[in-house]
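Read through the structure below, which is laid out as structure tokens, and then see the notes.
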Amino acid sequence: MKAGDYYILWAYKPESSPGSRQIQLWHFILELLQKEEYQGVIAWQGDYGEFVIKDPDEVARLWGIRKCKPHMNYDKLSRALRYYYNKRILHKTKGKRFTYKFNFSKVVLVNYPILDMASSPFFLAPAVHSSFFAKEWWLLS
DNA sequence: TTCGGAAAAA
DNA sequence: TTTTTCCGAA
């Protein structure tokens with residue numbers, strides 16, 4: 001397969017695989033985004049890859065629970081999100097409150113089984129051969 | 001609200 | 001190296 005054949009890069013990256021240590025914030029964001037029950041808290045909205053944090057305090061609370069950081073808040077969570085700008089994982093959708101957008105031209109990663117991706121917009125990307133979803137992660141740019 | 005420097009933490 | 005914490009500036 002040629003890297004140029006895909007717009008996204010999405011792969012299953014086991015928690016135990018080398019290189020994946022603790023849950024990363026954007027993995028977590030992606031996780032919430034793919035679950036129906038959190039649509040009132042955070043959801044895809046607008047352009048492809050764009051999402052809105054409808055309830056900043058709740059997202060921060062959930063993130064705090066996951067990372068065992070009881071004092072997490074949106075101010076701090078959003079700082080972590082801002083660090084993603086230079087890393088080209090995310091960028092801000094200016095003018096839209098609490099709205100960010102994933103830069104799919106960069107990577108992809110994922111910590112979750114492909115079966116859980118059915119509801120995500122990534123699934124709308126050009127078909128990718130199933131062999132692509134190996135138990136490793138990929139970085140295409 | 002959003003940004004990004006600085007420093008500490010993990 | 002990523003995230004947390006703190007915070008002044010825009």
Side-chain angles (χ1 to χ4, degrees), chain A residues 1-126 128-141:
Chain A
M1 77 178 193
K2 306 187 299 294
D5 291 341
Y6 315 102
Y7 291 106
I8 59 146
L9 341 332
W10 183 277
Y12 173 32
K13 181 182 171 190
E15 203 81 44
S16 58
S17 71
S20 91
R21 40 175 146 162
Q22 264 224 296
I23 177 86
Q24 263 169 289
L25 178 56
W26 57 295
H27 297 23
F28 179 73
I29 294 294
L30 247 18
E31 175 186 321
L32 294 184
L33 247 15
Q34 76 181 252
K35 296 183 179 177
E36 298 267 327
E37 64 261 48
Y38 295 112
Q39 286 189 7
V41 172
I42 184 172
W44 296 112
Q45 194 173 95
D47 293 339
Y48 184 79
E50 201 171 273
F51 64 94
V52 180
I53 295 175
K54 301 176 181 178
D55 188 339
D57 295 334
E58 180 62 2
V59 171
R61 193 182 69 79
L62 294 168
W63 175 234
I65 290 172
R66 179 64 71 88
K67 289 289 293 291
C68 297
K69 291 293 173 190
H71 303 300
M72 180 50 60
N73 57 37
Y74 182 68
D75 175 61
K76 290 184 278 195
L77 183 154
S78 63
R79 180 67 188 90
L81 249 27
R82 271 176 239 128
Y83 271 126
Y84 289 150
Y85 298 170
N86 285 333
K87 301 174 82 173
R88 309 214 43 221
I89 291 174
L90 284 182
H91 68 258
K92 188 75 181 63
T93 296
K94 294 171 184 172
K96 291 187 181 179
R97 202 152 146 266
F98 305 130
T99 301
Y100 300 82
K101 185 174 176 177
F102 278 97
N103 290 321
F104 297 132
S105 56
K106 168 87 174 177
V107 168
V108 161
L109 82 164
V110 163
N111 236 3
Y112 304 87
I114 182 172
L115 295 181
D116 293 331
M117 290 184 243
S119 61
S120 86
F122 302 119
F123 213 65
L124 299 175
V128 175
H129 192 280
S130 60
S131 65
F132 180 71
F133 301 99
K135 292 190 175 169
E136 291 173 46
W137 59 296
W138 313 62
L139 272 182
L140 305 180
S141 52

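Nothing here was measured: the structure is a model prediction, and the numbers come from that model. Chain letters run A, B, ... following the sequence lines, proteins first, then strands; residues in each count from 1.
Under the side-chain hydrogen bond (donor to acceptor under 3.5 Å, both in side chains) criterion, A:K101 pairs with no residue, sequence neighbours left out. A:Y74 is linked by a ring pair (Phe, Tyr, Trp, His ring centres under 6.0 Å) to A:F98, counting only residues two or more places apart in sequence or in another chain.
Note: CZ (A:R66) to C1' (C:dT3) measures 15 Å, nearest angstrom. Nucleotide C:dT3 holds its C1' atom 17 Å from the CG atom of A:L62, rounded to whole Å. The CH2-P distance, from A:W26 to C:dT1, rounds to 16 Å in whole Å. Atoms OH (A:Y74) and P (C:dT3) sit 15 Å apart, rounded to a whole Å. When rounded to the nearest whole Å, the span between CG of A:L81 and P of B:dC3 equals 10 Å. One atom, CG of A:N86, and another, P of B:dG5, lie 8 Å apart when rounded to the nearest Å.
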### Task
Scan nucleotides 4-10 of chain C nucleotide by nucleotide, 5' to 3', and note B when protein non-hydrogen atoms come under 4.0 Å of the base, S if they reach only the sugar-phosphate, - if neither.
BB-B---
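Residues A:Y100 and A:Y85 form a side-chain contact, since some pair of their non-hydrogen atoms from C-beta on lies under 4.5 Å apart. With contacts defined as side-chain heavy-atom distances shorter than 4.5 Å, the pair A:F51/A:I29 qualifies.
Here the straight-line distance linking atom CG of A:N73 with atom CH2 of A:W63 works out to 13.5 Å at 0.5 Å rounding. Distance NZ/A:K92 to CZ/A:R82: 9.5 Å, rounded to 0.5 Å.
Between C:dT2 and A:K87, a contact under 4.0 Å exists linking OP1 or OP2 to a side-chain N or O.
Residue A:Y100 is out of contact with every strand shown, counting any heavy-atom pair closer than 4.0 Å. Within 4.0 Å (heavy atoms only), A:K92 reaches sugar-phosphate atoms of the nucleic acid but no base atom.
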